[in-house]
Amino acid sequence: MDFLNTSVRELHQKLVNKELTVTDLVKNTLKSIESTQNDLNAYIAVNQENALKKAAELDKNGVPENEIWAGIPVAVKDNIVTIDLPTTAASKILENFTSIYDATVVERLREHQAIIIGKANLDEFAMGGSTETSYFGTVKNPWDHTKVPGGSSGGSAATVSNGDVIGALGTDTGGSIRQPASFTGVVGVKPTYGRVSRYGAIAFGSSLDQIGPLTRNVRDNADLLNIIAGLDEHDMTSSDREVPDFASKIGEDIKGMKIALPKEYLGEGIDEDVKQVVLGAAEKFKALGATVEEVSLPHSKYGVAAYYIIGSSEASSNLQRFDGIRYGYRADDVKNLEDVYVKTRSEGFGDEVKRRIMLGTYSLSAGYFDAYFKKAAQVRTLLIQDFNRIFENYDLIIGPTAPTPAFKIGAEIDDPTTMYMNDLLTIPLNLAGLPAMSVPAGMADGMPVGLQIIAKSFDEVTMYQAGAAFEDNSDMKNQHPGKGND
Amino acid sequence: MANQISKEEVQHVAELAKLEFNATDLDKFTKQFEDTIDLVNTLNEVDTEGVEPTFSVTDQVDRMREDVAVQANQKDALLKNAPDEEDGFIRVPAIIDESEEA
């Protein structure tokens, strides 16, 4: 069975009507994951035993009509903690770690009786743009196994793109859901900061991190966000705003909608084919009755620099807890406590994590705080003001998700600054806390290209409405990766 | 704008971060650190005079909850993750350096 052309609502109806048993669905999913794991390496752990147990339970009791995710397998990025599988963050330092509690999003998936099918591979501690920094090996792009799936939620994106599962959770600190969604041709959403609880997501850049869904179509995505969003007393930054039905305006036309296209998003460094796909998307929106006008985001080009200081500073602080004492890896052959810390961290962290800890420690150290951390936080303010000005007059902003389609494995891994620039179009939204979606919009060089749709804070409903209208009028939903293409 | 970051500076930051690098890695990291600092120094082009810094974008003001333990008595589960334990305690090497050269 492949789930490339089905939606969660269709699958749910089949489960309710007993045209399909949850056990068969789970068995097929496990089989699909197993048969592609060698090629794609999308998973770090698979939940075979518990998934089948939960499936049998649901088959016995019947799938409730009002729980559309009941019995549906969902993959969870391995930097989100789960009690029934280890959580590694793709790092040697957490290789043997199993959480004693579930992340709030996992708890919510379980409350709605979704099946946690496995833990998806990622860049170590979610730091990277290609899923090549994982201690458990690189993930391959299902469209072309010689190319990266993007990162850091590369495993989540690859398994959805490949049709193993119809939904997965990722985390997005600077584009880590949207950029791999773009590279693998799936729908990825970073919700508004505060919309989804971060409790149980291993912290990287706390003021930027947000958990969000990856799916193969826009409606499934809204349906998945529906069950994970909302206030959580365990996360002081989670918002107490009312959670709407994110799918409520899907299907409504977008006539009269005002859409902005920042000229900086089509400027230097953007691949010509990617630019053409985005201009084509702009024409499509116009044909659907929206207006599209060019605007300017003058500070967007400083986003990457501000992000690396802020994200790395927060990471250097968050990653202090990995000291080899209470959990995780501990180095052997140490003389004293200081030695435990230094050897454990030096052996346990990979190069990219060390680079960011170093930059963060430098930015926060005496004499540099004002020049780096405070300066970056001021530029963040200016970037937010740019967005506020545009949203005074427009409903949405569109642009490319990533400057290029997926690149070859190994092509950028030794050049961190080039890798950092891949996120230049996604990072500003994390800095501003805005919701943004990547939806497949076209092809370039045989690889999918994502369109980014950005909305006002807490206005995911409009973003999903426009995304669905675009998707309905695009032929990308019928394009799928060929399996076993290497 | 090329920055002069010395290996000694990188070494100093590594000490603050509780990391250590061998000679080869130190060369590589120093070069990459320089490139990254060049990238982030582009921020100096921006006039931020009088601009308030943004440290958080949440719309949430502090909330209080009752100070009650919700998950108690999890010592055994917690200890399972400890790299070394004995008699219900986490074992760590001595804090006082007992080696000769200290």
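Side chains included, hydrogens not; waters and symmetry mates left out as well; all remaining heavy atoms used. Residue numbers begin at 1 in each chain, while the letters A, B, ... track the order of the sequences.
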### Query
Do you know the tightest heavy-atom contact between B:Ala17 and A:Ile357?
CB-CG2, 3.7 Å
### Query
So, does B:Asn81 use its side chain to make a donor-acceptor pair with the main chain of A:Thr98 at under 3.5 Å?
yes
### Query
In terms of heavy-atom proximity below 4.5 Å to chain A, should B:Asp47 be classed as side chain, backbone, both, or neither?
backbone
## Note on the structure
Okay, A:Asp240 and chain B: the region with an atom under 4.5 Å from a heavy atom over there is both
## Note on the structure
Turns out that what part of B:Leu19 lies under 4.5 Å from chain A's heavy atoms comes down to both
#### Entry: Which portion of A:Ser365 sits near chain B, non-hydrogen atoms under 4.5 angstrom
side chain
### Task
Measure A:Ile384 against the heavy atoms of chain B and call it side chain, backbone, both or neither at under 4.5 Å.
side chain
### Task
Tell me, for A:Ala376 versus chain B, whether the close heavy atoms (under 4.5 Å) come from the side chain, the backbone, both or neither.
both
### Task
Name the region of A:Leu434, side chain, backbone, both or neither, that has any atom closer than 4.5 Å to a heavy atom of chain B.
neither
### Message
Parallel, tilted or perpendicular, judged at 30° and 60°: which one describes the rings of B:Phe33 and A:Tyr362?
### Response
perpendicular
### Interchain contact, A:Tyr368 with chain B, by part (heavy-atom threshold 4.5 Å)
side chain
### Query
chain A heavy atoms under 4.5 Å from B:Glu9: which part of the residue, side chain, backbone, both or neither?
side chain
### Task
Could you walk me through whether B:Val92 and A:Arg330 pass side-chain contact (heavy atoms from CB on, under 4.5 Å), step by step?
CA-CA 10 Å; B:Val92 291; A:Arg330 182 189 292 176; 3.7 Å; yes
### Task
Heavy-atom distances under 4.5 Å only: say whether A:Glu347 touches chain B with side chain, backbone, both or neither.
neither
### Message
Please classify the contact between A:Ser206 and chain B as side chain, backbone, both or neither, with a heavy-atom cut-off of under 4.5 Å.
### Response
neither
### Query
For A:Glu242, does the CD atom have more than 12 heavy-atom neighbours from other residues, nucleotides or ligands under 6.0 Å away?
no
#### Entry: Largest heavy-atom contact set with chain A, pairs under 4.5 Å, which of B:Ile90, B:Leu16, B:Val57
B:Val57
#### Entry: Heavy-atom closest contact (B:Pro83 atom, A:Ile325 atom, distance)
CD-O, 3.2 Å
### Query
Does B:Glu20 pair with A:Arg345 as a salt bridge, N-O distance under 4.0 Å?
no
### Task
For A:Asp351 and B:Lys28, run salt bridge (Lys or Arg N to Asp or Glu O under 4.0 Å): C-alpha distance rounded to whole Å, both residues' side-chain angles, the deciding distance at 0.1 Å, then the answer.
CA-CA 10 Å; A:Asp351 283 357; B:Lys28 190 177 81 179; 2.8 Å; yes
### Message
Donor-acceptor pair, distance only, cut-off 3.5 Å: does the side chain of A:Thr381 make one with the backbone of B:Glu52?
### Response
yes
### Residue part contacting chain A, namely of B:Asp59, when any heavy atom lies under 4.5 Å
side chain
#### Entry: Side chain A:Lys375, main chain B:Val46, donor-acceptor under 3.5 Å
yes
#### Entry: Region of B:Leu78 that comes under 4.5 Å of a non-hydrogen atom in chain A
both
### Query
Under 6.0 Å from the CZ atom of B:Phe55, do we count more than 12 heavy atoms belonging to anything else shown?
yes
### Donor-acceptor pair, side chain of B:Ser56 and main chain of A:Ser207, under 3.5 angstrom
no
### Distance-minimising heavy-atom pair for A:Arg380 and B:Thr54
CD-O, 3.5 Å
### A:Phe349, part contacting chain B, at a heavy-atom distance under 4.5 Å
side chain
